[in-house]
Colleague: 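Structure in structure tokens, see below.
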Amino acid sequence: MENHLWQHILQVRTSSPLVHNITNYVVMNNTANALLAIGASPIMAHAKPEVEDMVSISHSLVINIGTLDEYWHESMMIAAKKANSLQKPWVLDPVGAGATPYRDVVLSEILSLNPTVIRGNASEIIALAKLNNTVTKGVDSTAMSNEAIDAATTLVKNHNSVVCISGETDIVIDKHQCLFLDNGDPLMTKVTGLGCTATALVGAFIGVIENKSEAAAAALSLLSISGELAAKNSSGPGSLQLNIIDKLYNITDKEFNSHLKLTK
């Protein structure tokens, strides 16, 4: 698989997939810039009269519930149903799962539509699977990624989704395998919305790559390695944010392949 991941990155660069994002206000600018940096084309649209048309012209859909409200909830449901009807891939980011009853009700409805990929931190994945009463710290995880493997496996089984658990080690789980990605840098936790950026990148990759597990692994490893390399030239989270965008844009095959830490 390691040999395939860089080819997937090149495929995204050359295909320039259009990614329809219904995402939160906090991260719109950051995720749009990240998508542009990897060669994808972002669009942020949540108006109910147009979301079906946006899904129709897009390669994939990203649903991120970070700044949730009743209107966006309806838009998300309309868009996800349209994606399913057109057999287009979509990814769910269950931001703050378990934090409030309202958020969990909305997530239950969206989850019933069986996302192609689910990406969240460990606490969110555990809460989504409802395996226990894990308490989330807002949108931050209170659990390690390996603690969510059982929860992720449940989601894979119940929804036929690929599940990505973000953390110090990123984990990608499908029906057949469990992939562990050990790249990144601790400074990345000080930049808001990088998890949301990961979800958006996954959206781009699943839009043009048939193997959705490999697509997710390529997206997560690209961001983590870019963050790892960018941290070396950053004096804090502000410069890191800018340097990650630059590295997503100019990373080379040598840099990527020499730093990739993937195990099964």
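Computed over heavy atoms, backbone and side chain alike; hydrogens, waters and symmetry mates excluded.
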Colleague: Write out all pairs satisfying ring-ring contact (aromatic ring centres under 6.0 Å, His included) with one or both partners inside residues 223-260, taking only residues at least two apart or from two chains.
Modeller: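 Passing the test, one end in residues 223-260: Trp6-Phe256.
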Colleague: Does Ser85 reach the main-chain N or O of Lys82 with its side chain, forming a donor-acceptor pair under 3.5 Å?
Modeller: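 Judged by distance alone, yes, a pair lies under 3.5 Å.
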Colleague: Does a side-chain heavy-atom distance below 4.5 Å link Asn30 with Leu194?
Modeller: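 Contact flag for Asn30/Leu194 side chains = no.
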Colleague: Do Ile38 and Ile9 make a side-chain contact, defined as non-hydrogen atoms from C-beta onward lying under 4.5 Å apart?
Modeller: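 No. Closest side-chain heavy atoms not under 4.5 Å.
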Colleague: How far apart are the C-alpha atoms of Ile173 and Thr153, what are their side-chain angles, what is the distance that settles it, and do they pass the side chain to side chain contact (heavy atoms under 4.5 Å, CB included) test?
Modeller: CA-CA 7 Å; Ile173 299 175; Thr153 301; 4.3 Å; yes
Colleague: Hey, what do you get for OG (Ser239) to CD (Gln241), rounding to the nearest 0.5 Å?
Modeller: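 The distance works out to 10.0 Å.
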Colleague: To the nearest 0.5 Å, what is the distance between CD (Glu147) and CD1 (Ile165)?
Modeller: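 Between atom CD of Glu147 and atom CD1 of Ile165 there are 10.5 Å.
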Colleague: May I ask you to test the Val91-Leu61 pair for a side-chain heavy-atom distance under 4.5 Å?
Modeller: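 A side-chain contact under 4.5 Å is absent here.
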Colleague: Can you tell me how far CG of Leu92 sits from CH2 of Trp90, rounded to the nearest 0.5 angstrom?
Modeller: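 Taking CH2 in Trp90 and CG in Leu92, the distance rounds to 6.0 Å.
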Colleague: Looking at Lys175 and Val156, would you say the former's side chain and the latter's main chain have a donor-acceptor pair under 3.5 Å?
Modeller: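 Checking the backbone N and O of Val156 against the side chain of Lys175, no donor-acceptor pair under 3.5 Å is found.
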Colleague: Taking Asp104's backbone N and O only, do any of them form a donor-acceptor pair with Ser108's side chain (distance below 3.5 Å, no angle check)?
Modeller: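 Checking the backbone N and O of Asp104 against the side chain of Ser108, no donor-acceptor pair under 3.5 Å is found.
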Colleague: Give a yes or no on whether the backbone of Ala40 and the side-chain of Ser16 come within a donor-acceptor separation of less than 3.5 Å.
Modeller: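 Checked: no pair found.
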Colleague: Are Met54 and Leu35 linked, directly or through other ILVMFWY residues, by side chains that come within less than 4.5 angstrom of each other?
Modeller: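 No.
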Colleague: Kindly indicate whether the side chain of Leu222, heavy atoms from C-beta on, has any atom under 4.5 Å from the side chain of Leu248.
Modeller: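 Touching, per the 4.5 Å side-chain cut-off.
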Colleague: Between Lys88 and Ser56, which heavy-atom pair has the shortest distance, and what is it?
Modeller: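 Result for this residue pair: NZ-O, 2.5 Å.
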Colleague: State, with a plain yes or no, whether a side-chain heavy atom of Val106 is found less than 4.5 Å away from one of Glu109.
Modeller: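 The answer is no, as the side chains (C-beta and beyond) never meet within the 4.5 Å cut-off.
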Colleague: With a 4.5 Å heavy-atom cut-off, do Lys261 and Leu181 have their side chains touching?
Modeller: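 Counting from C-beta outward, Lys261 and Leu181 never come under 4.5 Å.
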Colleague: Side chain of Asn257, backbone of Lys254: donor and acceptor closer than 3.5 Å?
Modeller: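 A pair under 3.5 Å: no.
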Colleague: Any link between Leu155 and Phe180 through a network of hydrophobic side chains (Ile, Leu, Val, Met, Phe, Trp, Tyr) touching at under 4.5 Å?
Modeller: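 Yes, it is one cluster - the side chains of Leu155 and Phe180 are joined through contacts under 4.5 Å.
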Colleague: Would Ile251 and Leu229 count as a side chain to side chain contact (heavy atoms under 4.5 Å, CB included) here? Give the steps.
Modeller: CA-CA 9 Å; Ile251 191 170; Leu229 295 172; 4.3 Å; yes
Colleague: Can you name the nearest heavy-atom pair linking Thr31 to Ala200, along with the distance?
Modeller: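 Closest heavy-atom pair between Thr31 and Ala200: CB-CB, 4.1 Å.
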Colleague: The test is side-chain hydrogen bond (donor to acceptor under 3.5 Å, both in side chains); show your working for Asn64 and Asn24 and say whether it passes.
Modeller: CA-CA 6 Å; Asn64 177 312; Asn24 72 76; 3.0 Å; yes
Colleague: Using atom types as modelled and distance alone, determine if a side-chain donor or acceptor of Asn21 lies under 3.5 Å from a backbone N or O of Val62.
Modeller: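 No, because the side chain of Asn21 does not come within donor-acceptor range (under 3.5 Å) of the backbone of Val62.
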Colleague: Closest approach of Val95 and Cys196, non-hydrogen atoms and distance?
Modeller: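 Heavy atoms only, the tightest pair is CG2-SG, 4.4 Å.
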Colleague: Which of parallel (below 30°), tilted (30 to 60°) and perpendicular (above 60°) describes Tyr71 and His46?
Modeller: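 Judged by the thresholds at 30° and 60°, the geometry between Tyr71 and His46 is perpendicular.
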Colleague: I'd like to check Ser213 versus Gln177 (side-chain heavy atoms, cut-off strictly below 4.5 Å). Are they in contact?
Modeller: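 Yes, close enough: below the 4.5 Å cut-off.
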Colleague: Taking all non-hydrogen atoms of both residues into account, name the closest pair between Ile63 and Ala80 and its distance.
Modeller: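 Minimum heavy-atom contact is CD1-CB, 3.8 Å.
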Colleague: Yes or no on side chain to side chain contact (heavy atoms under 4.5 Å, CB included) for Lys232 and Asn243, after CA distance, side-chain angles and deciding distance?
Modeller: CA-CA 10 Å; Lys232 297 177 181 179; Asn243 289 334; over 6 Å; no
Colleague: With a 4.5 Å cut-off on side-chain heavy-atom distances among I, L, V, M, F, W and Y, is there a chain of contacts connecting Ile57 to Leu86?
Modeller: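 Each belongs to a different hydrophobic cluster.
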Colleague: First locate atom OG1 of Thr263, then atom CG of Leu179, and finally report the distance between them rounded to the nearest 0.5 Å.
Modeller: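 Reported to 0.5 Å precision, the distance equals 8.5 Å.
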Colleague: Side chain of Glu52, backbone of Ala79: donor and acceptor closer than 3.5 Å?
Modeller: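 No, because the side chain of Glu52 does not come within donor-acceptor range (under 3.5 Å) of the backbone of Ala79.
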Colleague: Going from CD1 on Ile244 to OG on Ser226, what distance comes out if it is rounded to the nearest 0.5 angstrom?
Modeller: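 Ile244 CD1 to Ser226 OG: 7.5 Å, rounded to 0.5 Å.
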Colleague: Any side-chain hydrogen bond (donor to acceptor under 3.5 Å, both in side chains) pairs touching residues 184-210, not counting sequence neighbours?
Modeller: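 Every pair satisfying side-chain hydrogen bond (donor to acceptor under 3.5 Å, both in side chains) with a residue in residues 184-210: Asp93-Thr199, Arg119-Thr199.
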Colleague: Linking I/L/V/M/F/W/Y whenever their side-chain heavy atoms sit closer than 4.5 Å, directly or via other members, would Leu10 and Leu201 fall into one cluster?
Modeller: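 Same cluster.
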Colleague: Any idea which heavy atoms bring Ala216 and Cys164 closest together, and the distance?
Modeller: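 Scanning both residues completely, I find the closest heavy atoms to be CB-SG, 3.6 Å.
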Colleague: Give the minimum heavy-atom separation between Arg103 and Ile65, together with the two atoms involved.
Modeller: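 Looks like NH1-O, 2.9 Å.
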Colleague: Measuring from atom NZ of Lys48 to atom CD1 of Ile78, what distance do you get when rounded to the nearest 0.5 angstrom?
Modeller: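 Those atoms lie 6.0 Å apart.
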Colleague: Using a distance-only test with no angle check, is there a side-chain donor-acceptor pair under 3.5 angstrom linking Asp170 and Ser224?
Modeller: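 Per modelled atom types, Asp170 and Ser224 side chains form a pair under 3.5 Å.
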Colleague: Could you go through Glu255 and Lys247, starting from their C-alpha distance and side-chain angles, then the distance that decides it, and tell me whether this counts as salt bridge (Lys or Arg N to Asp or Glu O under 4.0 Å)?
Modeller: CA-CA 10 Å; Glu255 287 177 318; Lys247 186 49 63 179; 3.1 Å; yes
Colleague: Let's go through Ser166 and Asn121 carefully: what are the C-alpha distance in whole Å and the side-chain angles of both, what is the deciding distance for side-chain hydrogen bond (donor to acceptor under 3.5 Å, both in side chains) to 0.1 Å, and is it a yes or a no?
Modeller: CA-CA 5 Å; Ser166 290; Asn121 63 43; over 6 Å; no
Colleague: Consider only side-chain heavy atoms of I, L, V, M, F, W and Y, link residues closer than 4.5 Å, and tell whether Val19 and Val27 are in one cluster.
Modeller: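 The answer is no; the residues belong to distinct hydrophobic clusters.
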Colleague: Please confirm whether the backbone N or O of Met28 pairs with a side-chain atom of Thr23, one donor and one acceptor, at under 3.5 Å?
Modeller: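 No, Thr23 side chain to Met28 backbone: no donor-acceptor pair under 3.5 Å.
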Colleague: Contact between Ile118 and Leu111 at the side-chain level, heavy atoms closer than 4.5 Å - yes or no?
Modeller: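 Yes - at least one pair of side-chain heavy atoms lies under 4.5 Å apart.
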Colleague: With no hydrogens and no angle check, is any side-chain donor or acceptor of His8 less than 3.5 Å from a backbone partner on Phe205?
Modeller: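 Flag not set: sc His8 to bb Phe205 has no pair under 3.5 Å.
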Colleague: State whether the side chain of Ser161 and the backbone N or O of Asn114 hold a donor-acceptor pair below 3.5 Å, judged by distance alone.
Modeller: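 No.
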